[in-house]
Undergrad: 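Could you have a look at this structure, given as structure tokens, before my questions?
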Amino acid sequence: MFARQCSRIVSSRTAVPLTSYLSRVRPYSSASGYEHILTSNPKPGVGLITLNRPKALNALSSPLFKEINDALSKYDEDKDIGAIIITGSEKAFAAGADIKEMAPLTFPAAYSNNFIAPWSHLANNIRKPVIAAVSGYALGGGCELALMCDIIYCTANATFGQPEIKLGVIPGAGGSQRLTRAVGKSKAMELILTGKNFSGKEAGEWGVAAKVVEGGKDELLNEALKTAETIAGYSRVAVVAGKEVVDKSQELSLKEGVEFERRLFHALFGSKDQKIGMTAFAEKKKPEWSNE
């Protein structure tokens, strides 16, 4: 959901400008035709999606999400891609949803058109791991987009929050559900009902973020790329299964989750990569995955 653009912009601490970094990465598709995002293939097996609405602090809109969903689907279907990163700018991952799109909506229009339902494509349909690299503001819909990702890395001075209550609404893209699972009921209730923001440092302390990076956007992106490249270097079959069992832990009871995990564990003994991995370990060799 929308969060007002903040007046105070977090200053950059990076020694190397992000524009310099992006100029060195190989475009994933030179003919993508995207207007609001950039796509690239900066490391073997890694797809990078960069939100690119700088004048609006990457405010989220339906046209922007249509492009994100298209890029995510293409990376998900690409056999050469094993992990995906979503990031924004130094100033903002995404400072909220676009108020100009939402303000005129009526209940019949929002309900009948299932407004913002397509924003959940990432959480519902993408099977490969997705890392959010968050610098600057991740407010409202921006926070929700980060929470949809499988792993969050952020800078210490990143700013998260679900301030929709200040606009007379509530989170609408999963923020109340995913934030509660991350920080617990009491803390989530406080954050959502007061609209208070929290820092990247707090995100790490509360378990919202897996890693907090001291430094700026380039240091953050380098850390995310290292992890994405590591994941992409493993068996794609095992990685997809690993993501699936962790996701199921959020939906099933412990007993049901363990049973589901065991079934997928057994199923992996039918893959070529299980034989490749275990044989290579026994022979003290590096496995050459078939991804089958």
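Just so you know, these numbers come straight off a predicted model, no measurement behind them.
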Undergrad: Please say whether more than 12 non-hydrogen atoms of neighbouring residues, nucleotides or ligands are located less than 6.0 Å from NZ in K243.
TA: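 Yes, NZ of K243 has more than 12 neighbouring heavy atoms, counting only those of other groups under 6.0 Å.
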Undergrad: Shortest non-hydrogen contact from A232 to P44?
TA: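 So the minimum-distance heavy-atom pair works out to CB-O, 4.1 Å.
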Undergrad: Verify side-chain contact (heavy atoms from CB on, under 4.5 Å) between V240 and R127, making sure each step is shown before the conclusion.
TA: CA-CA 6 Å; V240 168; R127 303 184 72 199; 3.5 Å; yes
Undergrad: Could you walk me through whether L122 and C149 pass the side-chain contact (heavy atoms from CB on, under 4.5 Å) check?
TA: CA-CA 7 Å; L122 162 58; C149 295; 3.8 Å; yes
Undergrad: Give the intermediate values and the outcome of side-chain contact (heavy atoms from CB on, under 4.5 Å) for residues E214 and E219.
TA: CA-CA 8 Å; E214 294 294 339; E219 288 84 357; over 6 Å; no
Undergrad: Looking at residues at least two apart in the chain, or sitting in another chain, which of them share a salt bridge (Lys or Arg N to Asp or Glu O under 4.0 Å) with E244?
TA: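 Listed in chain order: nothing, the list is empty.
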Undergrad: Just by distance, do the side chain of S89 and the backbone of K91 share a donor-acceptor pair under 3.5 Å?
TA: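 Here the side-chain-to-backbone pair exists.
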Undergrad: Side-chain heavy atoms nearer than 4.5 Å, only ILVMFWY residues, links allowed to pass through others: does that put V183 and M148 together?
TA: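 Same cluster.
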Undergrad: Measure from the side-chain N and O atoms of N69 to the backbone N and O of P118, and report whether any donor-acceptor pair falls under 3.5 Å.
TA: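 Yes, because the side chain of N69 sits within donor-acceptor range (under 3.5 Å) of the backbone of P118.
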Undergrad: E67: what forms a salt bridge (Lys or Arg N to Asp or Glu O under 4.0 Å) with it, not counting sequence neighbours?
TA: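 With neighbours one apart ignored, the set is empty.
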Undergrad: Distance check, rounded to the nearest 0.5 Å: L38 atom CG versus L51 atom CG?
TA: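 If I round to the nearest 0.5 Å, the distance is 9.0 Å.
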Undergrad: In chain order, what residues pass the salt bridge (Lys or Arg N to Asp or Glu O under 4.0 Å) check against D76, with sequence neighbours excluded?
TA: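 None.
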Undergrad: Taking side chain as C-beta onward, heavy atoms only, is I276 less than 4.5 Å from S290?
TA: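 Touching, per the 4.5 Å side-chain cut-off.
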Undergrad: Any side-chain donor paired with an acceptor under 3.5 Å for T155 and N157?
TA: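 Yes, side-chain donor-acceptor contact under 3.5 Å.
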Undergrad: Report the residues that fulfil side chain to side chain contact (heavy atoms under 4.5 Å, CB included) with K286, sequence neighbours left out, ordered by chain and then residue number.
TA: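 None.
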Undergrad: Only counting residues at least two apart or in another chain, list the ones meeting ring-ring contact (aromatic ring centres under 6.0 Å, His included) with W206.
TA: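 Checked W206 against ring-ring contact (aromatic ring centres under 6.0 Å, His included); matches are F198.
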Undergrad: Membership question, hydrophobic clusters at under 4.5 Å side-chain separation (ILVMFWY): are F65 and Y34 in the same one?
TA: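 Looking at the clustering, F65 is in the same group as Y34.
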Undergrad: Answer yes when D78 and K74 have at least one side-chain N-carboxylate O distance shorter than 4.0 Å, and no when they do not.
TA: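 Result for this pair is no, no salt bridge flagged.
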Undergrad: Is a side-chain donor or acceptor of E144 paired with a backbone partner of A173 at a separation under 3.5 angstrom?
TA: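 Yes; judged by distance alone, with no hydrogens or angles, the pair exists.
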Undergrad: On a heavy-atom basis, which atom in K166 and which in T194 lie closest, and how many Å separate them?
TA: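 So the two residues come closest at CE-O, 3.9 Å.
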Undergrad: Would you mind reporting whether P54 and N52 have side-chain heavy atoms less than 4.5 Å apart?
TA: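 When only atoms from C-beta onward are counted, P54 and N52 do touch, with a gap below 4.5 Å.
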Undergrad: Please report the interatomic distance CD1(I165) to NZ(K196), rounded to the nearest 0.5 Å.
TA: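 I165 atom CD1 to K196 atom NZ measures 14.5 Å (nearest 0.5 Å).
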Undergrad: Suppose we screen for side chain to side chain contact (heavy atoms under 4.5 Å, CB included). Which residues come up paired with K100, at least two apart in sequence or across chains?
TA: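 Listed in chain order: D98.
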Undergrad: Is there side-chain contact between C154 and F93, with at least one heavy-atom pair below 4.5 Å?
TA: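 No, their side chains stay 4.5 Å or more apart.
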Undergrad: How close do L220 and V213 get, heavy atom to heavy atom, and via which atoms?
TA: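 Nearest pair, atom of L220 first, then V213: N-CG1, 3.9 Å.
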Undergrad: Would you say E90's side chain and K217's backbone share a donor-acceptor pair under 3.5 angstrom?
TA: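 Side chain of E90 to backbone of K217: a pair is present.
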Undergrad: To check you understand the geometry: which heavy-atom pair defines the closest contact between A224 and I131, and what is its length?
TA: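 Looking at all heavy atoms of both residues, the shortest contact is O-CD1, 3.9 Å.
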Undergrad: Tell me whether I192 is reachable from I116 by hopping between hydrophobic residues (I, L, V, M, F, W, Y) whose side-chain heavy atoms are closer than 4.5 Å.
TA: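 Yes, same cluster.
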Undergrad: Taking the side chain from S249 and the backbone from V246, do they hold a donor-acceptor pair closer than 3.5 Å?
TA: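 Between the backbone of V246 and the side chain of S249 there is a qualifying donor-acceptor contact (under 3.5 Å).
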Undergrad: Using a distance-only test with no angle check, is there a side-chain donor-acceptor pair under 3.5 angstrom linking S61 and H36?
TA: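 Their side chains do not contain a donor-acceptor pair, so the 3.5 Å distance test is not met.
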Undergrad: Rounded to the nearest 0.5 Å, how far apart are CD of E202 and CG of N197?
TA: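 E202 atom CD to N197 atom CG measures 9.5 Å (nearest 0.5 Å).
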Undergrad: Is it the case that the side chain of T180 and the backbone of K185 share a donor-acceptor pair, with hydrogens and angles ignored and the cut-off at 3.5 Å?
TA: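 No; judged by distance alone, with no hydrogens or angles, the pair does not exist.
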Undergrad: Show which residues join F265 in its hydrophobic cluster (side-chain heavy-atom contacts under 4.5 Å, direct or indirect), or state none.
TA: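 F269, M278, listed by chain and number.
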Undergrad: For the atom pair CG (L147) and CZ (F160), what is the distance rounded to the nearest 0.5 Å?
TA: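 Rounded to the nearest 0.5 Å, the CG-CZ separation comes to 8.0 Å.
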Undergrad: Residues in salt bridge (Lys or Arg N to Asp or Glu O under 4.0 Å) with R178, at least two apart?
TA: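 By the salt bridge (Lys or Arg N to Asp or Glu O under 4.0 Å) rule, R178 matches no residue at all.
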Undergrad: Going from CD1 on I37 to CG on N58, what distance comes out if it is rounded to the nearest 0.5 angstrom?
TA: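 Between I37 CD1 and N58 CG, I get 11.0 Å after rounding to 0.5 Å.
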Undergrad: Quick one: side chains of residues 79-86, donor-acceptor pairs under 3.5 Å with protein atoms, not counting sequence neighbours, listed by atom name and distance.
TA:
none

Undergrad: What distance do K226 atom NZ and L221 atom CG have between them, rounded to the nearest 0.5 Å?
TA: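 Reported to 0.5 Å precision, the distance equals 11.5 Å.
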Undergrad: Take atom NZ of K272 as the centre, draw a 6.0 Å sphere, and report whether it contains more than 12 heavy atoms from other residues, nucleotides or ligands.
TA: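 For K272, atom NZ is not crowded (no more than 12 foreign heavy atoms under 6.0 Å).
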Undergrad: Suppose we screen for side chain to side chain contact (heavy atoms under 4.5 Å, CB included). Which residues come up paired with E261, at least two apart in sequence or across chains?
TA: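 Result, side chain to side chain contact (heavy atoms under 4.5 Å, CB included) vs E261: V245.
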Undergrad: Hey, is the main chain of K66 close enough, under 3.5 Å, to the side chain of D70 for a donor-acceptor pair?
TA: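 Not confirmed, D70 side chain does not pair with K66 backbone.
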Undergrad: Look at the side chain of N41 and the backbone N and O of K43, then say whether any donor-acceptor pair between them is shorter than 3.5 Å.
TA: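 Yes.
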Undergrad: Strictly by side chain to side chain donor-acceptor pair (under 3.5 Å), give each pair with a member in residues 229-241 just once, sequence neighbours left out.
TA: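 Qualifying pairs: S235-D273.
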Undergrad: Of all heavy-atom pairs between I231 and P129, which one has the smallest distance, and what is that distance?
TA: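 Here I231 and P129 meet closest at CG2-CG, 3.9 Å.
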Undergrad: Determine whether F115 and L145 fall in the same hydrophobic cluster, where Ile, Leu, Val, Met, Phe, Trp and Tyr are linked whenever their side-chain heavy atoms lie under 4.5 Å apart.
TA: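 Shared cluster, yes.
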Undergrad: Could you pull out the closest heavy-atom pair between P171 and S176, with the gap in Å?
TA: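 Heavy-atom minimum between the residues: CB-N, 3.9 Å.
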Undergrad: In sequence, state the C-alpha distance, the side-chain angles, and the governing distance for L225 and V46, and then conclude on side-chain contact (heavy atoms from CB on, under 4.5 Å).
TA: CA-CA 8 Å; L225 285 168; V46 179; 4.0 Å; yes
Undergrad: Report yes or no: do S271 and Q274 form a side-chain donor-acceptor pair below 3.5 Å?
TA: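 No, Q274 and S271 have no side-chain donor paired with an acceptor closer than 3.5 Å.
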Undergrad: Indicate yes or no: does E251 engage K248 in a salt bridge with an N to O separation below 4.0 Å.
TA: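 Result for this pair is yes, salt bridge flagged.
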Undergrad: Determine whether L252 and L264 fall in the same hydrophobic cluster, where Ile, Leu, Val, Met, Phe, Trp and Tyr are linked whenever their side-chain heavy atoms lie under 4.5 Å apart.
TA: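 Yes, it is one cluster - the side chains of L252 and L264 are joined through contacts under 4.5 Å.
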Undergrad: Regarding T227 and Y153, is there a side-chain donor-to-acceptor distance under 3.5 Å anywhere?
TA: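 Side-chain D/A pair, T227 to Y153: present.
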Undergrad: Apart from V212 itself, which Ile, Leu, Val, Met, Phe, Trp or Tyr residues share its cluster (side-chain heavy atoms under 4.5 Å, direct or through members)?
TA: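 The other cluster members (ILVMFWY side chains, heavy atoms under 4.5 Å, direct or chained): none.
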Undergrad: Indicate yes or no: at least one non-hydrogen side-chain atom of V239 is less than 4.5 angstrom from one of K128.
TA: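 They are not in contact (no side-chain heavy atoms under 4.5 Å apart), so the answer is no.
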